Amino acid sequence: MPDPSAPALGSLTWLPAADRPDLLAAPVAAALADLDGPAWVAQIDDDLADTAAFTEAYGVPLDASANCVVVAARRAGETTLAACLVLATTRADVNGLVRRHLGARKASFAPQDVAVAESGMAYGGITPVGLPASWPLLVDAAVAAADLVVVGSGLRGSKIAVPGSLLAGLPAAEVLDGLGQPVPAEPPTPPPAQPLRVRRAPDDSDVGWGERPADTSDDDRRYLEDRPPHWGSD
């Protein structure tokens with residue numbers, strides 16, 4: 001029988017996360033046990049873990065979903081890792097606010113293999129819950145204010161839903177206004193290319209001189225000689 005307290009988010013069946021540790025990556029399961037609040041988990045298709053595919057397939061609104069991205073910050077020849085959590089309707093201001101906040105010379109998304117190896121989570125399932133304690137966790141203010149937000153579970157085959165306040169209260173979390181920036185609108189689709197118009201001298205179809213003689217030795221040389229005087233001047 002469905003739990004009456006389970007969230008109504010899309011078409012998914014949400015269960016208490018503590019009841020399904022098999023749907024959680026090991027570091028996520030360990031960290032969820034220490035959360036002072038509700039956490040729910042739902043199983044999904046591995047191939048639908050990426051946000052766009054997930055929201056379309058399961059009817060979870062984009063503004064109820066959040067993306068956790070791993071950032072590599074470089075300063076004085078050293079690289080440190082951090083995580084950013086923003087609503088799926090926005091994207092993290094990595095080379096602006098994030099770089100300045102971390103005091104880095106340069107900041108960019110961490111390579112996939114590095115993010116997976118260092119987090120202990122699957123790519124496409126990385127979540128703020130259970131990240132290494134040494135990583136700064138930057139949380140957009142809109143995420144912190146959300147009643148319930150869907151994030152990764154550490155695996156591609158499930159998602160978890162937790163109150164935004166719990167994510168903002170994680171030990172390494174810092175809440176930042178403006179961390180999530182609006183996604184720029186896609187440029188309009190250009191009109192289809194027009195067929196190339198090739199300039200050419202007038203021919204029979206232009207001036208009605210009839211067909212080109214099949215035999216150029218034909219005595220009737222009107223085709224070649226009786227052309228308008230400008231023919232060939234282009």
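Here the structure is a predicted model, which is why all the values come from computation and not from measurement.
- In plain terms, the two heavy atoms of P7 and L148 that are nearest each other are CB-CD2, 3.3 Å.
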Do any side-chain atoms of residues 56-81 form donor-acceptor pairs under 3.5 angstrom with protein atoms, and if so which ones, sequence neighbours left out?
| from | atom 1 | to | atom 2 | distance (Å) |
| --- | --- | --- | --- | --- |
| Y58 | OH | D45 | N | 2.9 |
| S65 | OG | P61 | O | 3.4 |
| N67 | OD1 | T51 | OG1 | 2.5 |
| R74 | NH2 | S108 | OG | 2.9 |
| R75 | NE | G103 | O | 3.4 |
| R75 | NH1 | G103 | O | 3.1 |

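- By the rule that hydrophobic residues join a cluster once side-chain heavy atoms approach within less than 4.5 Å of another member, L170 and V149 end up as members of one cluster.
- Under the salt bridge (charged side-chain N to carboxylate O under 4.0 Å, His left out) criterion, D46 pairs with no residue, sequence neighbours left out.
- Here the side chains of L12 and I44 are in contact, with some heavy-atom distance below 4.5 Å.
- L9 and A161 make their closest contact through CD1-CB, 4.1 Å (heavy atoms, listed as atom of the first residue, atom of the second, distance).
- Linking ILVMFWY side-chain heavy atoms closer than 4.5 Å, directly or via other members, places I160 and V143 in a single hydrophobic cluster.
- Every residue was checked against the side-chain hydrogen bond (donor to acceptor under 3.5 Å, both in side chains) condition with R91, not counting sequence neighbours, and none meets it.
- Across P21 and A18, no two heavy atoms sit closer than the pair CD-O, 3.7 Å.
- From N95, atom CG reaches atom CZ of R100 across 9.5 Å, with rounding to the nearest 0.5 Å.
- Checked by atom type and distance alone, the side chain of D140 pairs as donor or acceptor with a backbone atom of L179 at under 3.5 Å.
- In plain terms, the two heavy atoms of V28 and L24 that are nearest each other are CG1-CD2, 4.3 Å.
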Under 3.5 Å donor-acceptor pairs involving side-chain atoms of residues 109-135, not counting sequence neighbours:
| from | atom 1 | to | atom 2 | distance (Å) |
| --- | --- | --- | --- | --- |
| S119 | OG | A115 | O | 2.6 |
| S119 | OG | M121 | N | 3.2 |
| T127 | OG1 | G152 | O | 2.8 |

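- Using a 4.5 Å heavy-atom cutoff, the side chains of V151 and L167 are in contact.
- Listed by chain and number, the residues in a side-chain contact (heavy atoms from CB on, under 4.5 Å) with A82 are L102, P136 (sequence neighbours excluded).
- Shown here are the side-chain contact (heavy atoms from CB on, under 4.5 Å) partners of R20, two or more places apart in sequence or in another chain: L15, D22, L23, V41, Q43.
- No single ILVMFWY cluster, assembled from side-chain heavy atoms under 4.5 Å apart, contains both L87 and V98.
- For R156, the salt bridge (charged side-chain N to carboxylate O under 4.0 Å, His left out) partners are D50, not counting sequence neighbours.
- Among residues at least two apart or in separate chains, side chain to side chain donor-acceptor pair (under 3.5 Å) pairs with a member in residues 158-169 are S153-S158.
- The list of ring-ring contact (aromatic ring centres under 6.0 Å, His included) pairs with a residue in residues 19-44, not counting sequence neighbours, is empty.
- Closest approach of V162 and A39 over heavy atoms only: CG1-CB, 3.6 Å.
- Residues passing the side-chain contact (heavy atoms from CB on, under 4.5 Å) test with A141, sequence neighbours excluded: V175, D177.
- For the atom pair L138 CG and H101 NE2, the distance stands at 5.0 Å (nearest 0.5 Å).
- Taking all atoms of both residues into account, the shortest heavy-atom contact from A144 to V139 is N-CG1, 4.2 Å.
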